[in-house]
Structures are given as C-alpha cells and as structure tokens.
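Each chain gets a letter, A, B and so on, in the order the sequences are listed, and its residues count up from 1.
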Number of protein chains: 2
Amino acid sequence: MSVTIIDVAREAGVSRTTVSNVFTGKDKCSEETRLAVLAAAKHLGYKPNLAARSLITNQSRLIGMILPSYVDPNTLTSSPFYNIIMDSVYSVLRNEAYYDLIIFPVQYKEKLVQVSDWIDARNVDGILAVGEFDRNFLKVLKSKSIPVVLIDNYSQTSDANFSYVNSDDTTGGYLATQHLIEKGFRNIALCSVELHGPLMQKRYQGYKRALKEAKLRETVFDKTGVPFEAGIQYAEALIAQGLDAAFCTEDMIAVGILHGLLKKGVKVGEDFGLVGFDNIYLGYQVYPELTTVDQNIFEKGETATRTLLNILNHSNSTGSRLVLPVNLVEREST
Amino acid sequence: MSVTIIDVAREAGVSRTTVSNVFTGKDKCSEETRLAVLAAAKHLGYKPNLAARSLITNQSRLIGMILPSYVDPNTLTSSPFYNIIMDSVYSVLRNEAYYDLIIFPVQYKEKLVQVSDWIDARNVDGILAVGEFDRNFLKVLKSKSIPVVLIDNYSQTSDANFSYVNSDDTTGGYLATQHLIEKGFRNIALCSVELHGPLMQKRYQGYKRALKEAKLRETVFDKTGVPFEAGIQYAEALIAQGLDAAFCTEDMIAVGILHGLLKKGVKVGEDFGLVGFDNIYLGYQVYPELTTVDQNIFEKGETATRTLLNILNHSNSTGSRLVLPVNLVEREST
DNA sequence: CTGAAAGCGCTTACAG
DNA sequence: CTGAAAGCGCTTACAG
C-alpha cells in the first residue's frame, strides 16, 4: 500500500539497489541516475521506512534519554533543569537527519531493570543518562555495548568508563559562599535537599572550603522532599536561628526561601544574602532577582548530545570526559 | 548475534509461530507450552525486536507529539505548559506496554512539511498536536489517516474532524475579570502576547463580556515576544496609565508584571490586582502568590493521551471532543 | 556503475 | 493447538 523502494526503482528504471544507494549515499552512481531516482521518489512520494532500515542495519536512529524521575515523580514539570536539557538535545538533533529522542523517566529505582528491557526492545543507538544512577545500573548500561554519555553522574567506576559532561560543582559552591562572605555576611547556612547525593556533596565541599578559609562556622539544613517547599520551611528556621545568609544547592530551594523570607518581611539582598545554584530562568523571574551560580545547562546538554553523536557517527571516536566551568551571576539577592 | 524468536522456539521445543503467539497473546496455546516458552525466553534473555514487529504489523508503537516551537525557540524551557503536558503523557504511557513518545518541536512554521515526512518515516501510530496549527497543516495530518488528538487548537474545520481536548478559555477570561471587579478594581487592563491567536481571543472574549456587564472600559496591551519580558514592560505602562488591575492571558505575563510592579514599589494585591491564566507552579512560587485561572494542564494531557490510546486500541472508538472546565484560584495578588 | 539474491526478526494466513 | 511458508521494506555482499 505504501510506496516502497521497488516502486521507485520501477519508476526510475533502475534496480532497487541503486535506489537504496542513492538514499543511503553509500555507493556513488552517475549523477544522472541519482537525479532520476530522486525525481521518481519525489514524484511517488517515497520515504524510506525506518523500521525496515533499522531491521537490517541494526540501527534505530533513536537516542534514549534516561531521567531519574524517582527523585520527583513529575520530573519535567518540577525541575526546569531537565527541560533545558531536552531543548538543548533537540537543538542538536534537529541538524541530524532521522535521529529522534525517546525518554524513559524512571519512576522507581526498582524499575531500573525495565530500562534495560526498553533499551533492548527499542534497540536505541545511544544513551544519554541525566542525573545520578548507581554503579549497578551503570554496569547494566555497560553490558549493552552502546555509546553512553552521562550528565551529572558521579558514581562512575573506572571499569564503566563512559563519556560524561559534568560541571565544576565544587568550585560553584566555593564561589557562591565566597561571594556571600565578601558581601559581609558571616552566618551563612547551607540549604539543601538530599544533601547525601554525590553532586550535592560536591557543592557542599565548596561551601565548606570557603567557610574554612574565612574561619566561619557552618550550618547545614537538609531534608528530603520538594525543593521549593523545603525552602519555605528553611526560611523560618533561618530567621529563628539568626542566620543572615544562605547558599542553596539548587535555585528552587532559594526561590522557596525567598518566598518565605519576603512573607516575613525580611529584606532579601540587604538584611539577608541569598545565593542559588543552576541559573534556571526562575531565578531572574522572581523579585528580587536571585544571585546564583550559572552552570550553563543548555550548553551542557548540547555538549553531551554532540559527544554522543560523535561516537555514533565516527566509530573511531573515543568520546570525552568534560567538566564545564561555572560562574557566579550576581543579582539582587546579595 | 542477538537472541531471536528462533532460538526461543528451539529452546522450548516449539515452532516460532507458537513463540510469537505467546508474546503477542493472539492465539491461545496450552498453559503448559506458554510457560515453557516464557521460561525459555527468560533463560535466553529474549526480547522482541520492535523494528521487525513494526515492519510486519505496520505499527510503530510510537506516538508523535508536535509542538509549535516557532512561537518560542526553546519551547520546553520557556513554557512550563509543555512540560506538564509531557509529564502527563508519560504518566499514561507508562502503563501501556511498548509505547514511546517522540517529539517534533517545529522550529519554523515553514518546516511543517518536514513534520509530514517525519510522521511517514517513523510511521507513528498516532499524533498529539499541542497548540495552534493552521488548517492547511491539519489537512496534512488528515491525509495521514492515523488518529490525531488536538490540544488547544481552534482552527479545526468540520472536514478535519479530529478529537480534541480544550479548556473553557472564554469562561476563564470571564471569571478572572469578574473576580477583579468583585475585588473592587475598576481600571482593568488585558495584558497579552500575540493576542491575535484563536486561543487568546477566547480569553479576551471572556474579559470583554465581564467588563461589558459591569459597564467598564477595556484597555488592551498586546505585543509579540517573550511573555515574561512583555510583562516587565507592561508594568511601567500600567502604572503610567493609572490602571489598577490586570488580567493576563498567561501566568508568565503576570509574573513579569508582578516583577516590574514590585520593583516600582507597588503593593500588588492591595493597590493593584493581578490575575493570570494557566496555573503553572511558578504562580505560587513567586511572592505575593498569583491569583490565576486553573486549567488543570496535567489532566488535559492525560485526557488527550487516553483519548488517543483509546482510538489506537479499540478501532471502533470514535474519539471524543472535550472542553474541560476551568476555575479561579484566588491567592495573594488580588 | 548496476542487478539478482539473500536475509534482518518478526507476524500472519493457511494447513494440518 | 502447532508447523511450514510467505513476506513486511529495506541493505549488503557479490557478480557482472
């Protein structure tokens, strides 16, 4: 019913091999026949069937993205970070013919096995894993023998050896805290959610170092739950404990604290210094605008996608391991 | 190299037809053989190859989602609306074996032709089109003869006749404006971006009706561009023109106005009434929290996905045309 | 530069 | 309830 390569071959008066060659660009044929084939294809409305192609080449032209949505059931909704990553992936994929993205938001940690089946069933060509996944899961990925690029993962062992793109999280924590100190704040809290995670630990290390250098004491707030809500709660505790500044390991927490502080009539930026981390849009949409550590999420996603595509398209590519720089964006909250 | 149906058949001592039957659940076989096949499959680590299956059944188990990202290059990033929709789609798809979502963010209106090719190449089983697309494009979709569900589209002609899920936008505009009037505001502006679009026109109609009933005069602000930035600019104009309230056709605009107003020292909620539309999380993350019209985006996405799946799984389903109710959420900005 | 043939992994009539 | 056969639309050696 649909128009196939055979129809095109007949119409153009060539064999199907030739038609195939024209479309895959594998074998060169005379410019004349090439044009004839293209004309015939266009005339008949022929489009290669990717499933058939996939069956024989064993390439799906599908990139699988894995998101740990067990951290938050509605990952895409609650965390702008992932949206930016997605947009950046599409911005790169748009220029690559026939590549599509399929996403597996992992609802429960226990369901990581399902991801394995999914990878097999869809036969994805490569994987973009965003966020923290433990070693066992990385082993599973390794067993697939397909290219993998990790974003923000710190559990890699030497035997996994995947390409990755991270940010300089420790420096980020350091810069944020140092900035607060320079601004004259002395009682600086660290506000986090799930601080035990490897990534948050890095940011925490930066905070610690800055405080140590300035001979200041650390105060840590940590809990599990929704970052924004945690921030709301931290605001009260911050006031109660007489702290005058906070470095938040995520912008979302800072936005919550800002909300809580404003409600209490605290003049954020003057009487209280607040710094976030990520530089999501939200940070400059609120008022006063949030000082934060910019990790250039979009570039991170682009870089990771390009890295993956590189490995995919050039079998000799060894991939790459990158740590992107980070920088402080001073706005109104400090 | 990979384990196929043949290997399983051999291991289980049955024909491949039987193995296929077990996995597709088409033909019933003895419970005994079924178990044997399953055991063999598990033992060998067999997983059906979707590409091969797709080739023969002409079903890809892929749902195509089309987003008009020509409105905004980084749609997912800039508009929380789409993220919520995506999350809702995944929440439904998770319970459907082997369905995946692929997305086509349409960068330029001119590239709508590419979408057509994409649909053919990937052979998507059904389409979810989110946002406004013109009639010509709907015609193209129609020509594919696959199920389509529209979300927030108002350009459908009777010959297209697709299923859709919309919200009661007119009532929403009415409720928002009426609320401001009840709160005692009299100089109520309508603030929009690309007001000429059919959806915004609906919300505008509601605003008009409420004003007319109260015998108040309308003041319209409209421009093209990023909603948040537009809001920032509107804030100045609002003050300059002595208006004391605004109904925004999107929360994002309201957040911008809020930002601009706060910067000018205006006490929003007391001296100025502000109402948004959508009820995205951002609205209660800012301070003061935004009064808005809730359109339950998540449910909208779920409903649309279920509708599509229904048509896909039950060929006798005729789909459905739904207009979801909308309701006012009063918070601190009014 | 082009054609005939095999085959990717599966499903689906059709016989038994 | 089960098996042998055809074929989905394509690519890829292999001859010519």
[X] has an atom [atom1]; how far is it from atom [atom2] of [N], in whole Å?
{"X": "A:Arg16", "N": "C:dA6", "atom1": "CZ", "atom2": "P", "answer": "11 Å"}
{"X": "B:Gln59", "N": "C:dT11", "atom1": "CD", "atom2": "P", "answer": "11 Å"}
{"X": "A:Asp7", "N": "D:dG9", "atom1": "CG", "atom2": "P", "answer": "9 Å"}
{"X": "B:Ile6", "N": "C:dG9", "atom1": "CD1", "atom2": "P", "answer": "8 Å"}
{"X": "B:Arg61", "N": "C:dG9", "atom1": "CZ", "atom2": "P", "answer": "21 Å"}
{"X": "A:Asn49", "N": "D:dG9", "atom1": "CG", "atom2": "C1'", "answer": "6 Å"}
{"X": "A:Ile56", "N": "C:dA6", "atom1": "CD1", "atom2": "P", "answer": "14 Å"}
{"X": "A:Asn58", "N": "D:dA13", "atom1": "CG", "atom2": "C1'", "answer": "17 Å"}

Taking the minimum atom-to-atom distance to the side chain of [X], which one of [options] wins?
{"X": "A:Ile5", "options": "D:dC10, D:dG3, C:dT11", "value": "D:dC10"}
{"X": "B:Asn21", "options": "D:dT12, C:dC10, C:dT12", "value": "C:dT12"}
{"X": "A:Leu55", "options": "D:dA5, C:dC8, D:dT2", "value": "C:dC8"}
{"X": "A:Thr17", "options": "D:dC10, C:dA4, D:dA4", "value": "C:dA4"}

Q) What stems, by residue range, does DNA chain D take part in, given at least 3 consecutive Watson-Crick or G-U pairs under 3.5 Å? A) C:1-3 with D:14-16, C:5-12 with D:5-12, C:14-16 with D:1-3

Reckon [X] has a side-chain N or O less than 4.0 Å from the OP1 or OP2 of [N]?
{"X": "A:Thr24", "N": "D:dT11", "result": "no"}
{"X": "A:Thr4", "N": "D:dC8", "result": "no"}
{"X": "A:Thr18", "N": "C:dG3", "result": "yes"}
{"X": "B:Ser54", "N": "C:dC10", "result": "no"}

Q) Should the pair B:Arg122 and B:Phe104 be classed as cation-pi, given the thresholds of under 6.0 Å to the six-membered ring centre and 45° from the axis? A) no

**Q.** Note, B:Asn153 side chain near B:Tyr164 side chain (heavy atom, < 4.5 Å)
**A.** no

(Q) Test of understanding: with ring pair (Phe, Tyr, Trp, His ring centres under 6.0 Å), list the residues that count as partners of B:Tyr46, not counting sequence neighbours. (A) B:Phe23

Pair [X], [Y]: side-chain N/O donor-acceptor within cut-off below 3.5 Å:
{"X": "B:Thr77", "Y": "A:Asn83", "answer": "no"}
{"X": "A:Thr18", "Y": "A:Ser15", "answer": "yes"}
{"X": "B:Ser167", "Y": "B:Lys300", "answer": "yes"}

Q.
Applying salt bridge (charged side-chain N to carboxylate O under 4.0 Å, His left out), can you list everything that pairs with A:Arg306, at least two apart in sequence or on another chain?
A. A:Glu302

